Amino acid sequence: MAILTRGHTFNSGDQVTSANLNNLADAATFDDPVDKTTLEKHTDGKLRIKPNGVGTTQIATSSVTKAKIENVANMKVLGNTSGSATAPQEVSVLDEDNMSSDSATALATQQSIKAYVDSAPNFTPSTYAGEESVTLPNGLIMKWGKKNCIADGNTAVSFGTGFPTACVNVQCTHNSSISTTSDAGVAAISVSQGGFDIRNGGGSAGDIFWQAIGY
């Protein structure tokens, strides 16, 4: 099947001249292509690729290389964060140790993620000097201590710093041997943001450990 329509036809006995040869080439036009899913004949006689005509069956995977993809700006990657299908766009890569941008459409570097986790307040305290409480990243606060309590009575415990919102749980336990045959229980009562009372059921005074949880 012919691909070109000649711009000049020679007959027997015609003289081959430069003008005839030029007409043969210059006035030639493309016929309809065999692969009409990819190529088409334009109105000016030229052959062109149809819109959306090049697909994966026409381009070998090995032909798509990094060098043939457009240049990407520094600290950018190609992706889609639009929430729906769309053409790839440049997506920012942020190197922020404090994650201050709080972006829902940007990526973070490995270094900034590590720095943020390592510096999270009270997440992994590097030292402990006997403080009364620690605040976890989710806002939960844990307090603990030891109190010398009177026998068969109540002893008040006041937190060094009260819970901002509420104290939700307190646990107490003796720091000494207790009788297995007599009432030697211990309880936390009158719990509030600022403290609580330890009720010592033992027959002698002594130290009692306590732990409180709140927020």
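Remember, it's a predicted structure, so these values are computed and weren't measured experimentally. Any value given below was found using the heavy atoms of this structure, including those in side chains, with hydrogens, waters and symmetry copies removed.
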Novice: What are the two closest non-hydrogen atoms of Ala106 and Val91, and how far apart are they?
Specialist: CA-CG1, 4.4 Å
Novice: Within the structure provided, determine whether Gln111 and Asp97 are in side-chain contact (heavy-atom separation under 4.5 Å).
Specialist: yes
Novice: Identify the heavy atoms of Gly203 and Asp152 that sit nearest to each other, and give their distance.
Specialist: CA-OD2, 3.7 Å
Novice: Compare every heavy atom of Val186 with every heavy atom of Cys172, then report the nearest pair and how far apart it is.
Specialist: O-CG1, 3.7 Å
Novice: I need the Thr17 OG1 to Phe10 CZ distance, nearest 0.5 Å.
Specialist: 6.5 Å
Novice: Is there a donor-acceptor pair under 3.5 Å between the side chain of Gln211 and the backbone N or O of Trp144?
Specialist: no
Novice: How close do Ser112 and Glu96 get, counting heavy atoms only, and between which atoms?
Specialist: CB-O, 3.3 Å
Novice: Are Ile141 and Val191 in one and the same hydrophobic cluster, where Ile, Leu, Val, Met, Phe, Trp and Tyr link if side-chain heavy atoms are under 4.5 Å apart?
Specialist: yes
Novice: Establish whether Tyr215 and Ile213 are linked, either directly or via other cluster members, by ILVMFWY side-chain heavy-atom contacts under 4.5 Å.
Specialist: yes
Novice: For the NZ atom of Lys143 and the CD atom of Glu132, what is their distance to the nearest 0.5 Å?
Specialist: 4.5 Å
Novice: Report the residues that fulfil side chain to side chain contact (heavy atoms under 4.5 Å, CB included) with Asn175, sequence neighbours left out, ordered by chain and then residue number.
Specialist: Lys146, Asp207, Phe209
Novice: Using every non-hydrogen atom in the two residues, find where Leu107 and Val77 come nearest and quote the distance to one decimal.
Specialist: CD1-CG2, 3.6 Å
Novice: Treat each ILVMFWY residue as a node, draw an edge where side-chain heavy atoms are under 4.5 Å apart, and state whether Leu94 and Met75 are in one component.
Specialist: no
Novice: Working to the nearest 0.5 Å, report the span between CG of Leu140 and OG1 of Thr135.
Specialist: 8.5 Å
Novice: Using side chain to side chain contact (heavy atoms under 4.5 Å, CB included) as the criterion, list what pairs up with Ala73, not counting sequence neighbours.
Specialist: Lys76, Glu90
Novice: Evaluate the criterion side-chain contact (heavy atoms from CB on, under 4.5 Å) for residue pair Asn20 and Asp14; output intermediate values, then yes/no.
Specialist: CA-CA 10 Å; Asn20 288 337; Asp14 285 352; 5.5 Å; no
Novice: Going by atom types only, do Thr109 and Asp95 share a side-chain donor-acceptor pair under 3.5 Å?
Specialist: yes
Novice: Is Trp210 linked to Met142 within one hydrophobic cluster, defined over Ile, Leu, Val, Met, Phe, Trp and Tyr using a side-chain heavy-atom separation of less than 4.5 Å?
Specialist: no
Novice: Hey, could you give me the OG/CZ distance between Ser190 and Arg199, rounded to the nearest 0.5 Å?
Specialist: 8.0 Å
Novice: I need the Gln89 CD to Thr81 OG1 distance, nearest 0.5 Å.
Specialist: 7.0 Å
Novice: Count the heavy atoms of every other residue, nucleotide or ligand shown that sit under 6.0 Å from CG of Asn138, and state whether that count exceeds 12.
Specialist: yes
Novice: Quick one: closest heavy-atom pair of Asn200 and Ile150, and the distance?
Specialist: ND2-O, 3.0 Å
Novice: Which value, rounded to the nearest 0.5 Å, describes the distance between Ser133 atom OG and Phe159 atom CZ?
Specialist: 9.5 Å
